[in-house]
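First listed ligand is number 1; within each ligand, the first listed atom is number 1. Atoms considered below: every heavy atom in the structure, side chains included; atoms not considered: hydrogens, waters and symmetry mates. For reference, positions follow the sequence shown, starting with 1.
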Amino acid sequence: MGMLPRELADLLESGGEPSYRGRQLFAALHARGAADYTGITVLPEGVRGRLAAEAAPPALTLAARRVDPLDGTVKYLFRLADGETVETVLMRYRFGYTACVSSQVGCRMGCRFCASTIGGLTRNLLAGEMTAQIAYLNRDLADPAHAGDTSWFPAPPRAGDEEEGEPETDAAGRPARFDRVGRLVVMGMGEPMENLDAVVRFLRVVHEPSGAGIGWRHMTVSTSGLVPEMDRLAEMELPITLAVSLHAPNDELRDGLVPVNRRHPLGELLAACRRYVERTGRRLTFEYILIDGVNDMPEHARELGRLLRGLPCHVNLIPMNPVAERRLYPSPPEAQTRFRGLLRGAGIPCTVRRQLGASIDAACGQLRRHVQAQGATAPGAVTEVEAVTEVEAATQVQE
Ligand code: SAH
């Protein structure tokens with residue numbers, strides 16, 4: 001799942017098959033999201049048999065799935081070959097679907113407001129374990145069994161519910177498609193810069209037009225601010241968006257919220273941001289979680305405005321998703337609006353991100369923690385969690 005078409009072609013060729021078989025296999029795995037080799041009927045039976053015997057199948061199974069009945073956000077908990085679990089979120093916008101992908105099992109960045117980091121880091125994901133997240137979602141979306149099933153993908157976005165300025169077409173003016181993932185953000189569990197090579201391989205594989213076909217400009221990688229890896233990514237000159245999790249306008253506050261700031265303080269981080277913009281010509285995104293009484297006061301907005309002045313960027317203000325283990329809460333709507341107003345007044349483009357999936361533990365690491373707490377990570381426990389959620393979803397949709 002982590003191999004490019006040419007690499008699969010070489011692999012099959014080395015096994016005595018024509019190289020086009022490798023490209024057929026690639027398309028079957030990534031464009032059609034085949035669950036196993038038996039279903040790839042474009043390949044001769046002998047080839048399928050050899051693959052099943054010699055190459056591990058896409059190793060990712062469903063551990064739990066929750067649908068937010070209000071906004072159609074779907075949260076998946078996937079079990080990997082070694083029994084570990086990771087989360088993926090599918091968000092429905094008017095311009096199509098965006099997948100939020102995990103890059104590690106757990107996380108060791110220690111951010112104060114985040115659920116993913118509570119149990120620490122278990123391991124990096126392989127590139128193939130990231131591409132498999134996209135393939136699974138695409139298979140789900142294209143499955144005719146779910147067509148029109150509102151407990152599966154409910155609630156198309158309502159008018160007036162959309163993100164500010166949210167387009168209904170893609171950059172090329174094509175209408176939104178709702179049978180596949182159109183965009184991705186690496187904002188799930190983990191710190192992608194700690195697993196950069198695998199993440200970049202993942203992006204290259206899902207970019208392939210014969211596979212998932214996700215455009216570079218529809219990809220965002222988010223970091224808590226690992227400066228050397230940000231520089232390394234800049235040198236690759238991929239036309240993707242880099243998002244930086246800022247969350248505070250000064251070192252004192254950021255040291256406490258995002259501990260990596262003690263290693264790479266704001267001055268160093270902002271310098272790396274400027275280098276990124278110079279090198280790639282891409283505008284940056286800054287994420288700023290609004291936490292009640294912590295970082296959402298007028299002086300914080302003014303300080304942030306001064307910090308970012310002159311940097312081509314967009315600030316995404318995110319009402320914090322409350323996490324049971326953390327005693328931090330989202331800013332009230334008035335504080336959000338005031339913060340946005342002050343930042344705009346300082347000439348910094350910004351929007352308040354629409355909160356999706358609040359009723360299904362969609363914030364980083366929450367579903368995984370809940371399922372673990374229920375002792376439901378053992379194989380076979382899936383159905384229970386799933387059944388409950390689907391009934392809940394169906395009921396609420398009817399209401
Ligand atoms: N490690 C990377 C990417 C994963 S986190 C990073 O830090 O950017 C993706 C985003 O979700 C980050 O901006 C992170 O700070 C934010 N986040 C984490 N916990 C959150 C919560 N409880 N509410 C809102 N955003 C949260």
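Of the N and O atoms on the side chains of D68 and T73, not one donor lies less than 3.5 Å from an acceptor on the other residue. Side-chain contact of T223 with E191: a donor-acceptor pair under 3.5 Å is present, judged by distance alone.
By the criterion of a heavy-atom distance under 4.0 Å, both the backbone and the side chain of E191 are placed next to ligand 1. Residue-level proximity to ligand 1 for H247 is carried by the side chain, the only part with a heavy atom below 4.0 angstrom. Residue contacts with ligand 1, taken as heavy atom pairs separated by less than 4.0 Å, involve T223 solely via the backbone atoms N, CA, C and O. Residue-level proximity to ligand 1 for I289 is carried by the side chain, the only part with a heavy atom below 4.0 angstrom.
Taking a 4.0 Å cut-off on heavy atoms, S103 fails to register as neighbouring ligand 1. Ligand 1 has at least one atom lying under 4.0 Å from a heavy atom of M320.
Legend: residues meeting ring pair (Phe, Tyr, Trp, His ring centres under 6.0 Å) with H314, ordered by chain and number and at least two apart, are absent.
A cation-pi arrangement, defined by a distance under 6.0 Å to the six-membered ring centre and an angle within 45 degrees of its axis, is absent between R180 and Y97.
Without hydrogens or angle criteria, R254 side chain to L266 main chain gives no donor-acceptor distance under 3.5 Å.
Of the listed options S245, A115, A243, C111, S245 places a heavy atom closest to atom 12 (C) of ligand 1.
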Show every donor-acceptor pair shorter than 3.5 Å between a side-chain atom in residues 17-35 and any protein atom, with sequence neighbours excluded, or say none if there are none.
from : atom 1 : to  : atom 2 : distance (Å)
R21  : NH1    : Q24 : OE1    : 2.8

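Considering backbone and side-chain atoms alike, G190 places an N or O below 3.5 Å from some N or O of ligand 1.
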